[in-house]
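Here is the structure we will look at, set down as structure tokens.
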Amino acid sequence: MPKRATKLWLMKSEPGTYSIDDLQRDRTEPWDGVRNYQARNFMRDMAQGDLAIFYHSSASPPAAVGVCRICREAYPDPTQFDKKSPYYDPKSKREDPRWWLVDVEFVEKFAEPISLQALKDDSSLEGMLVTQKGSRLSVQPVDKGHFERVLKMAGAKSKVR
DNA sequence: GCCAACGTTGGC
DNA sequence: GCCAACGTTGGC
């Protein structure tokens, strides 16, 4: 059986919390703390080998800054059960976890960030979720054409198979 | 720091 | 099930 096609994503992080440089140093990281059902559902749709654009939100400027790969498929986010964690959720039960996460691994950091403004200004990225006003989704799917266009704008080495 | 755009919660 | 109040995200 052929594996399903690689899906493509965009994942936001505030660089003050966790940046592309942190991921480059750590190599892999559990993407914990997502507390939005739609974003959680997208993470549960991810498969090992999927690629994601790493995006810096609440940054100056907000920008696509690199590429990461899903290296472990969804499992319960341990921080939901940790009373000391800012992501603790008292309503989540161990036998029925509410929040899930994936592990991501570093693939590459773009030589230059592609700013949100540059993404908005590029007509071939029309319809890309992150460019749309009021889109707060921290984990979102990206069309293959849009993904490849961002890689091209960034002069990236990564290729979509 | 402001605030628009959402998403969630809880009273009814 | 509605919806007002509240909380959060994230660009600016």
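Chain letters run A, B, ... following the sequence lines, proteins first and then strands; every chain starts at 1.
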Nucleotide [N], atom [atom2] - distance to [atom1] of [X] in whole Å:
| X | N | atom1 | atom2 | answer |
| --- | --- | --- | --- | --- |
| A:D89 | B:dT8 | CG | C1' | 12 Å |
| A:W99 | B:dG7 | CH2 | P | 13 Å |
| A:K133 | B:dC6 | NZ | P | 9 Å |
| A:R40 | C:dT8 | CZ | P | 19 Å |

Next on the checklist: The criterion is side-chain contact (heavy atoms from CB on, under 4.5 Å); which residues satisfy it with A:E14, sequence neighbours excluded?
Outcome noted: A:T17, A:S57, A:S58

Checklist entry - A:L151: which other cluster members, linking ILVMFWY side chains closer than 4.5 Å, directly or transitively? => result A:L8, A:L10, A:L51, A:I53, A:Y55, A:V67, A:V107, A:F110, A:I114, A:L116, A:L119, A:L125, A:M128, A:V130, A:V142, A:F147, A:V150, A:M153, A:V160

Checklist entry - For A:I20, which fellow cluster members are found when Ile, Leu, Val, Met, Phe, Trp and Tyr are connected by side-chain heavy-atom distances below 4.5 angstrom, either directly or through intermediates? => result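 Traced through the cluster, A:I20 reaches A:W9, A:M11, A:Y18, A:L23, A:W31, A:V34, A:F42, A:M43, A:M46, A:F54, A:V65, A:I70, A:Y75, A:L101, A:V102, A:V104, A:F106, A:L137, A:V139.
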
Checklist entry - Got a sec, which pairs hit salt bridge (Lys or Arg N to Asp or Glu O under 4.0 Å) with one end in residues 40-54 of chain A, sequence neighbours left out? => result A:R4-A:D50

Item to check | Non-neighbouring partners of A:D21 that pass salt bridge (Lys or Arg N to Asp or Glu O under 4.0 Å), sequence neighbours left out | outcome: A:K109

Item to check | Side-chain H-bond candidate by donor/acceptor type, A:S19 with A:D22, under 3.5 Å | outcome: yes

Please write out each protein N/O paired with an N/O of nucleotides 9-12 of chain C under 3.5 Å, distance rounded to 0.1 Å.
{"unit_1": "C:dT9", "atom_1": "O3'", "unit_2": "A:R136", "atom_2": "O", "d": "3.3"}
{"unit_1": "C:dG10", "atom_1": "OP1", "unit_2": "A:K12", "atom_2": "NZ", "d": "3.1"}
{"unit_1": "C:dG10", "atom_1": "OP1", "unit_2": "A:R136", "atom_2": "O", "d": "2.6"}
{"unit_1": "C:dG11", "atom_1": "OP1", "unit_2": "A:Y55", "atom_2": "OH", "d": "2.8"}
{"unit_1": "C:dG11", "atom_1": "OP2", "unit_2": "A:S58", "atom_2": "N", "d": "2.9"}
{"unit_1": "C:dC12", "atom_1": "OP1", "unit_2": "A:K120", "atom_2": "NZ", "d": "2.8"}

